[in-house]
K.L.:
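Right, I'll just put the structure down here and ask away after.
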Amino acid sequence: MPTTSPGEWVLLSYRLPREPSGPRTTLWRRLKRLGVAQLADGLVALPADARTREQLEWLAGDVTEAGGTAGIWLARPTTAAQERELATTMATARAEEYRALAEQCRAAADADPAERARALRRLRGELRAIGRRDFFPPPERDAAAAALRDLAAADRTEAVAR
């Protein structure tokens, strides 16, 4: 996280018709999967890099194809404090996801071996997905990774015992 001047962010401003609701729901899910910061209704932001810019450009295209309007903007917060606030909001959201994943790992440890193996595969995928939208990693990331390692170790120990 920069402590001097704020960095560049890519913004997507969009507006979609209320009906049909399908494109709105699809857009909302895709934005959530990307881990955007919601700045206002119809305005989201991600730290700017080639990948985030391309992802938001694709979504802007989806919006226009669905009969809406969309624009991509590059911007800098006027203060480092504004950027820290955005980063903190995003990190808090990821921390909640990591905590939930760690709890699921602990719950899966008590499952039967077949269910534990399925949970391990699913939770590994979830950890990767969260990591793709984690621009400002919170401490909970390490705890979730440790819980997943513990679950994998329990699964290996059970497999050896069989």
Side-chain angles (χ1 to χ4, degrees), residues 1-3 6-12 14 22-63 70 72 74-75 77 80 82-162:
M1 185 71 228
T3 55
E8 195 167 65
W9 290 68
V10 60
L11 282 63
L12 168 64
Y14 63 92
R24 293 175 73 79
T25 303
T26 299
L27 178 65
W28 177 82
R29 286 182 181 142
R30 288 179 179 162
L31 290 171
K32 184 174 176 168
R33 196 171 26 242
L34 291 177
V36 299
Q38 185 84 41
L39 302 179
D41 190 32
L43 182 63
V44 297
L46 286 171
D49 65 24
R51 180 180 66 95
T52 57
R53 185 173 176 171
E54 180 180 35
Q55 289 169 325
L56 292 183
E57 286 172 349
W58 276 103
L59 291 180
D62 292 347
V63 168
I72 300 293
L74 293 175
Q82 284 178 305
E83 186 169 46
R84 275 192 306 277
E85 184 179 333
L86 275 175
T88 299
T89 299
M90 294 173 80
T92 299
R94 298 304 76 79
E96 290 174 20
E97 292 176 313
Y98 284 128
R99 278 192 295 274
L101 187 133
E103 183 56 39
Q104 291 174 50
C105 287
R106 288 187 285 277
D110 296 330
D112 66 76
E115 179 58 33
R116 186 173 47 239
R118 282 191 297 275
L120 183 58
R121 283 190 301 276
R122 179 180 57 80
L123 293 168
R124 282 180 174 145
E126 283 186 36
L127 184 63
R128 284 190 300 274
I130 296 168
R132 284 191 294 272
R133 61 182 169 265
D134 187 2
F135 297 94
F136 306 99
E140 289 83 356
R141 177 175 75 167
D142 294 335
L148 193 58
R149 282 191 303 273
D150 291 347
L151 180 60
D155 191 56
R156 282 191 302 276
T157 301
E158 177 77 26
V160 169
R162 285 184 254 153

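Side chains are part of it too, since the values below use all heavy atoms of this structure and drop only hydrogens, waters and symmetry mates. Being a predicted model, the structure only gives us computed values, none of them experimental.
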K.L.:
Give the minimum heavy-atom separation between R116 and A111, together with the two atoms involved.
P.N.:
NH1-O, 3.2 Å
K.L.:
Not counting sequence neighbours, list each pair that qualifies as a side-chain hydrogen bond (donor to acceptor under 3.5 Å, both in side chains) and has a residue in residues 121-130.
P.N.:
Q104-R122, R122-E126
K.L.:
If we only count heavy atoms from C-beta on, is the L12 to V36 side-chain gap below 4.5 Å?
P.N.:
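When only atoms from C-beta onward are counted, V36 and L12 do not touch, as no gap falls below 4.5 Å.
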K.L.:
Do E83 and W9 have side chains that approach each other closer than 4.5 Å (heavy atoms only, starting at C-beta)?
P.N.:
yes
K.L.:
Tell me if the CD atom of E85 is crowded by more than 12 foreign heavy atoms within 6.0 Å.
P.N.:
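At most 12 heavy atoms, drawn from other residues, nucleotides or ligands, come within 6.0 Å of this atom.
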K.L.:
Going from CG on D110 to CD on E115, what distance comes out if it is rounded to the nearest 0.5 angstrom?
P.N.:
12.0 Å
K.L.:
For the atom pair CG (L56) and CD1 (I72), what is the distance rounded to the nearest 0.5 Å?
P.N.:
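Here the rounded value is 5.0 Å.
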K.L.:
Return the minimal non-hydrogen interatomic distance between A102 and A143, and the atom names on each side.
P.N.:
CB-O, 4.4 Å
K.L.:
Got L59 and Y14 here, is their nearest side-chain heavy-atom distance under 4.5 Å?
P.N.:
no
K.L.:
Go through the structure and list residues passing side-chain hydrogen bond (donor to acceptor under 3.5 Å, both in side chains) with E103, not counting sequence neighbours.
P.N.:
R106
K.L.:
Could you pull out every donor-acceptor pair under 3.5 Å between side chains of residues 39-54 and any protein atom, sequence neighbours left out?
P.N.:
from	atom 1	to	atom 2	distance (Å)
D49	OD1	R51	N	3.0
D49	OD1	T52	N	2.7
D49	OD1	T52	OG1	3.1
R51	NH2	R132	O	3.3
T52	OG1	P47	O	2.7
T52	OG1	D49	N	3.0
T52	OG1	D49	O	3.2
R53	NE	E57	OE2	3.2

K.L.:
Check whether any side-chain heavy atom of R133 lies under 4.5 Å from a side-chain heavy atom of R94, and answer yes or no.
P.N.:
yes
K.L.:
Ignoring hydrogens, what is the shortest heavy-atom contact between L123 and L101? Give both atom names and the distance.
P.N.:
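Looks like O-CD1, 3.6 Å.
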K.L.:
What is the minimum heavy-atom distance between Y98 and E140, and which atoms define it?
P.N.:
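Looking at all heavy atoms of both residues, the shortest contact is CB-O, 3.5 Å.
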K.L.:
With a 4.5 Å heavy-atom cut-off, do D134 and E97 have their side chains touching?
P.N.:
no
